[in-house]
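Take a look at the structure set out below.
So you know, we letter chains A, B, ... as the sequences are listed, proteins then strands, and number each from 1.
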Amino acid sequence: MKTKKNDFFDRVLEIVAQIPYGKVTTYGAIAEVCGVKSAARTVGWALNRASESGLPCHRVVNRFGALSGKVHFGSPTLMRDLLESEGIEFDDDDCVDMKKYFWEPS
DNA sequence: ACATTGACCTACA
DNA sequence: TTGTAGGCCAATG
């Protein structure tokens, strides 16, 4: 019974996979929905695997709406390009308008 | 097997 | 008010 072990990890992937088009979410939000808001770091790790799982990890940003993991996409401009391609606009600091594109996971 | 890092966030002093 | 410290899960050296 290999149950309950990757629960957290797995749950994060599920949520990220449910992010709608043209929307973005934050690590803290996912961690909070997972049950442990303090595990925001683990969410980032999950995303690392998510990129290999085919999940839209580029729609996940940090609390400031900045693309913290853009470097992990292979190209620092790839993540922003993808979000812009979805209709998402960026701020002067390369931050996404959270109050407009913030999607709350369920 | 142990210790450290890793795309973070929240809380307290 | 700003700054520092802690915490969570998993993977890697």
Side-chain angles (χ1 to χ4, degrees):
Chain A
M1 37 102 92
K2 69 255 265 46
T3 49
K4 296 52 215 256
K5 220 320 182 99
N6 307 14
D7 207 25
F8 222 68
F9 186 86
D10 217 4
R11 191 146 297 163
V12 174
L13 300 178
E14 285 289 306
I15 295 172
V16 175
Q18 285 149 48
I19 301 177
Y21 177 93
K23 287 272 163 98
V24 293
T25 185
T26 67
Y27 301 94
I30 298 172
E32 190 175 6
V33 173
C34 272
V36 185
K37 61 181 184 181
S38 313
R41 294 181 76 177
T42 320
V43 177
W45 259 119
L47 291 177
N48 213 338
R49 303 276 138 196
S51 68
E52 301 202 346
S53 297
L55 298 173
C57 40
H58 61 267
R59 289 181 191 153
V60 185
V61 295
N62 63 350
R63 205 42 199 105
F64 301 95
L67 294 65
S68 8
K70 64 180 176 194
V71 189
H72 290 268
F73 281 79
S75 289
T77 49
L78 177 63
M79 193 172 181
R80 174 159 168 188
D81 190 45
L82 288 168
L83 292 171
E84 282 186 332
S85 188
E86 296 192 353
I88 299 178
E89 298 174 41
F90 278 79
D91 233 330
D92 259 358
D93 290 314
D94 293 309
C95 296
V96 183
D97 203 336
M98 302 305 294
K99 59 180 163 63
K100 288 173 78 171
Y101 298 106
F102 175 70
W103 174 76
E104 184 181 11
S106 62

Counting heavy atoms from C-beta on, name the nucleotide in [options] closest to the side chain of [X].
X: A/Arg49; options: B/dA7, C/dC9, C/dA11; result: C/dA11
X: A/Phe9; options: C/dC8, C/dA10, B/dC9; result: C/dA10
X: A/Lys37; options: B/dT10, C/dA10, C/dC8; result: B/dT10
X: A/Arg41; options: C/dG7, B/dA7, C/dC9; result: C/dG7
X: A/Arg63; options: C/dC9, B/dC9, B/dC8; result: B/dC9

Problem set entry | Joint hydrophobic cluster, A/Leu55 plus A/Leu78, side-chain heavy atoms closer than 4.5 Å |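 Cluster IDs for A/Leu55 and A/Leu78 differ.
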For [X], what residues pass the salt bridge (charged side-chain N to carboxylate O under 4.0 Å, His left out) criterion, not counting sequence neighbours?
X: A/Glu104; answer: none
X: A/Glu14; answer: none
X: A/Arg41; answer: none

Seminar exercise, completed: To the nearest angstrom, the CG-P distance between A/Leu47 and C/dA11 comes to 14 Å
Using a strict heavy-atom distance below 4.0 Å, which residues from [range] are in contact with DNA chain B?
range: residues 80-105 of chain A; value: none
range: residues 65-75 of chain A; value: A/Ser68, A/Gly69, A/His72, A/Phe73
range: residues 14-32 of chain A; value: A/Tyr27, A/Gly28

Problem set entry | Pi-cation contact, A/Phe9 with A/Arg49 (under 6.0 Å, within 45°) | no
